[in-house]
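Keep in mind the model is a prediction, meaning the values are calculated, not measured.
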Amino acid sequence: MHVSATVRNAGEVLLTAYDYLVERRIPFKYLRTQSIVLARNSKYAPREGSGKLITIYPADDAQLESVLRELDALLAGKPGAYILSDLRYAAGPLFVRYGGFVEQWLEVDGKRVLAINGPDGELVPDQRKPTFWVPDWITLPTCLETHLAARKAGDAESFPYRVTQSLHFSNGGGVYRATRKSDDAQVVLKEARPHAGLDRDNVDAVARLRREHAVLTLLHGVPGVPEVYEHFTAWEHEFVAMQPVPGRPIGQWLGQHYPLTHREVGDVTAYTARALRIIESVERILADVHERGVVFSDLHPLNVLVDDDDSVSLIDFELAFPVAEDRKPTLGSPGFQAPQDRSGFEIDEYALAALRLYVFLPLNAVIELAPVKLRTHVEFIRRRFGLPDEYCDRILAALTPRVDPPAPVVTALDEPEPDWKVVRKSIAAAILASATPQRKDRLFPGDVEQFEVGGACFAYGAAGVLHALDVTGEGRYPEHEQWLLDSLRRDPPKEPGFFTGAHGIAYVLENLGYHDEADGLVSAYAEILPSTKDHGLNAGLSGVALNLLHFADRRADEARAEQALELGERLVAMLADAPPPGDKARAGLLYGWSGPALLFVRLHERTGDRRWLVEAERALERDLAECMTALDGSTQVRDGNFRTLPYVGIGSAGIALALNEFARVAPDAECSARLPELVAALTGEFVIQPALVLGRAGLLATLVHAGGPPEAIDRHLATLAWHAVPYQEGLAFPGTQLRRLSMDLNTGGAGVLLALASTADGIPVLPFLKSPALSGRSQ
């Protein structure tokens, strides 16, 4: 059972339920603070958790019925968000769902998911989705039958529109394409859920939708602004129907036309002219909106649509307001939301200046994270795109903070000819300055995944950072190594895999000389391996087997080698039964079959058996089957219908790293001939993230390993400065989505450090790879 509540009535609802449940000794849990309730019901919080204040665990169907009946009498009339995963009981804030509450895990497509017991006792996935679901082997309790019937009574037949496509979902509701049943008119429907999708001021999606309807009514007839048709209520939610407008978000437009992403730079002059025309159109629409006395207040790339003829429309006016109201935006897009010292039309002027920068260098989130980067970014676009001084000066004037503007900072990466040894020491200095040995959950700041898989792991935790510092020559740090050892006792790894589990930590401990601890860690997870079905290098069998080979080589331990061979045979069988490629990309070094291919190459080298090369080629061909020709003619991994990925973790760089190892021992194989087309995907000037696994550092390292064009290597080295942020006395880099600094190996500074050392010193950028040819480019 779940009890829903709003931020305002959560304390009252909790107190009432608390007294009732404690008196009857019925187990329950609850959210502890109003701020947590607000966060769980905010616009982009997970929809499946929305509305849940209290979770109750009845012992059986009889207790379920009595608690529902009695609590409903106590809480009747108390408002709360509808819990999408549940069935509402009566009209109050009580809901039920069928699902697991004992922690059981199942491996599905290489991921651990919560599980429940099926009809035969076998574990099956717990369907934690934003829809009510009961397994077909379960009979719905009698006390819920009328409530399920009431839910079904509000279904699609009475709804005045026929939904044809879902465009967007948030915790506040959805956006849909639809046809009006009365006359077949095509519309866009926006949906708002009461008490959900909250902003910082506790304003819900319904209030914002009503505001949008009023603003669009006021803006009737403004070119580039959709016409509004009607506002209505259906099944507790509110809807606004409006005119569909053509085009796609300007971010997608950049994905196709931005010249610096392609392996051969496109026509920069032609692009500049088009981009300037689009900006002029946005500015013209904003001027018309302002003429009606309205502040748009939410100008960002998803709300600017560009059609095939470069005509422009603005959408999503839920944050707009009459200028006389003098509001401050409480929601916004990173890099586009105006600071609190801007008001009225200045809010839109700030966002327009951010858009002016974005169309030529879409790294606005870096500017929000580190305003000191603004001037260097603007100087780059002025020079690279030949922009007028007036255009660039308007960006600087609007985006420079008015309060405590940052003093200019020249980092080691901003020098015309960087001293790469100084750069590397600066990165190491930032990593060490960020360490928090007093914390128990993590040692170095990294990706949020470290709180899911543990702060010790190779990918996101201390093990990977200490590995990077050691192999790049930046030192050993006993205090931090002790933290890693202590963390294994406090919080043992959840899984055996390499990047996110026990084997990656064991690899680092072994190399640092903690042989007994490393051996004990490997042995402790041996019993889990028979149930592991993930083939990947990240968390699956190929990473474990490669590490077993590493141990076997270091210790001349044939038993470990035999274990690796057994896992190799299992992977051969799994490859034979592998499903065909799907819509969601997996191919690459960490998640695809390139990881097993790397293992098969190493098994061939160890045994001399050419059968392993045959299997390696099959595994590589399986990943290559997920590739397509990208817009620039290179070969990249397909992700959906239009998106392609060139990265290490998932993407063509990851396949290239494994294929390069294969080509060293099988240069005449048919598969080896495809390496150049994969390498061609890695040479573009613009990369959104600096990371090793999903960013520029990985592309740089792959080019070094595979002997890519020297000019492309130099270009990646030069453009690392776009992302480098001064931190303490060193240099740090933003992690995933550029929202916060990261020091970890997968997403942050440790990975960049490894890529630079690989470029300069010829060390393998990741474990189990051979050394690239020494280039000396970042000496």
Side-chain angles (χ1 to χ4, degrees), residues 107-111 263 459 497-500 533-543 545-546 571-572 574-601 614-663 669-682 684 687-689 691-695 698-699 701-703 705-706 708 746 765-766 768-769:
E107 194 173 294
V108 178
D109 295 331
K111 295 184 179 180
R263 59 174 179 169
F498 190 87
F499 273 77
T500 55
K533 299 176 182 177
D534 182 354
H535 60 268
L537 182 57
N538 183 67
L541 296 177
S542 57
L546 282 162
L571 285 164
V572 168
M574 292 168 66
L575 176 58
D577 295 333
D583 292 335
K584 189 67 176 175
R586 299 284 292 174
L589 189 63
L590 297 195
Y591 302 97
W593 282 97
S594 294
L598 178 60
L599 170 65
F600 297 154
V601 171
V614 174
E615 299 301 338
E617 188 163 22
R618 288 179 59 220
L620 288 164
E621 287 172 346
R622 173 59 182 76
D623 264 10
L624 288 167
E626 293 195 33
C627 293
M628 64 179 288
T629 302
L631 290 171
D632 64 357
S634 66
T635 296
Q636 300 186 30
V637 171
R638 179 185 62 254
D639 188 25
N641 293 327
F642 305 106
R643 188 169 179 241
T644 58
L645 301 174
Y647 305 117
V648 167
I650 300 176
S652 44
I655 304 174
L657 281 172
L659 181 53
N660 184 62
E661 300 295 315
F662 173 81
E670 183 177 344
C671 195
S672 298
R674 300 197 63 182
L675 183 59
E677 65 189 74
L678 295 172
V679 171
L682 316 179
V687 185
I688 192 73
Q689 295 178 158
L692 179 60
V693 166
L694 291 174
L699 306 191
T702 305
L703 287 171
H705 274 264
N746 268 28
V765 71
L766 286 172
F768 318 126
L769 299 175

Kindly indicate whether the side chain of Ile650, heavy atoms from C-beta on, has any atom under 4.5 Å from the side chain of Leu590. no

Is the shortest distance from a Lys or Arg side-chain nitrogen in Arg618 or Glu615 to a carboxylate oxygen in the other one below 4.0 Å? yes

Residues Ala658 and Leu620: closest non-hydrogen pair is CB-CD2, 4.0 Å

Which pair of non-hydrogen atoms, one from Leu537 and one from Phe499, has the smallest distance, and what is that distance? O-CD1, 3.7 Å

Do Leu624 and Leu678 have side chains that approach each other closer than 4.5 Å (heavy atoms only, starting at C-beta)? yes

Heavy-atom nearest pair, Ala656 first then Leu675, reads O-CD1, 3.6 Å

Should Arg638 and Pro581 count as side-chain neighbours, where that means a heavy-atom distance under 4.5 Å? yes

What distance separates Leu541 CG from Asp534 CG, expressed to the nearest 0.5 Å? 7.0 Å

The reported gap from CE in Met574 to NZ in Lys533 (rounded to nearest 0.5 angstrom) is 9.0 Å

CZ/Arg586 to CG/Asp623 distance, rounded to the nearest 0.5 angstrom? 10.5 Å

I want to check something: taking the side chain as every heavy atom from C-beta on, are Leu645 and Ser652 in contact at a cut-off of under 4.5 Å? no

How long is the gap from CG on Leu769 to CG on Leu598, to the nearest 0.5 Å? 6.0 Å

Does the side chain of Leu575 reach to within under 4.5 Å of the side chain of His535, using non-hydrogen atoms? no

Nearest-0.5 Å distance, OG1 of residue Thr644 to CG of residue Asp632: 7.5 Å

Give me the atom names and distance for the closest heavy-atom approach of Cys671 to Glu621. SG-CG, 4.3 Å

If you define the side chain from C-beta out and look only at heavy atoms, does anything of Arg622 sit under 4.5 Å from Ser594? no

Do Leu589 and Leu766 have side chains that approach each other closer than 4.5 Å (heavy atoms only, starting at C-beta)? yes

Out of curiosity, Asn746 CG to Leu694 CG, how far, rounded to the nearest 0.5 Å? 7.5 Å

Would you call the rings of Phe768 and Phe498 parallel, tilted or perpendicular, where under 30° means parallel and over 60° means perpendicular? perpendicular

Please determine whether a side-chain nitrogen of the Lys or Arg among Arg674 and Glu670 lies less than 4.0 Å from a carboxylate oxygen of the Asp or Glu. no

Check whether any side-chain heavy atom of Thr500 lies under 4.5 Å from a side-chain heavy atom of Asn538, and answer yes or no. yes

Where is the tightest heavy-atom contact between Ala653 and Leu682, given as atom of each residue plus distance? CB-CD2, 3.7 Å

Closest non-hydrogen atoms of Leu571 and Pro596, given as atom of the first, atom of the second and distance, are CD2-CG, 4.3 Å

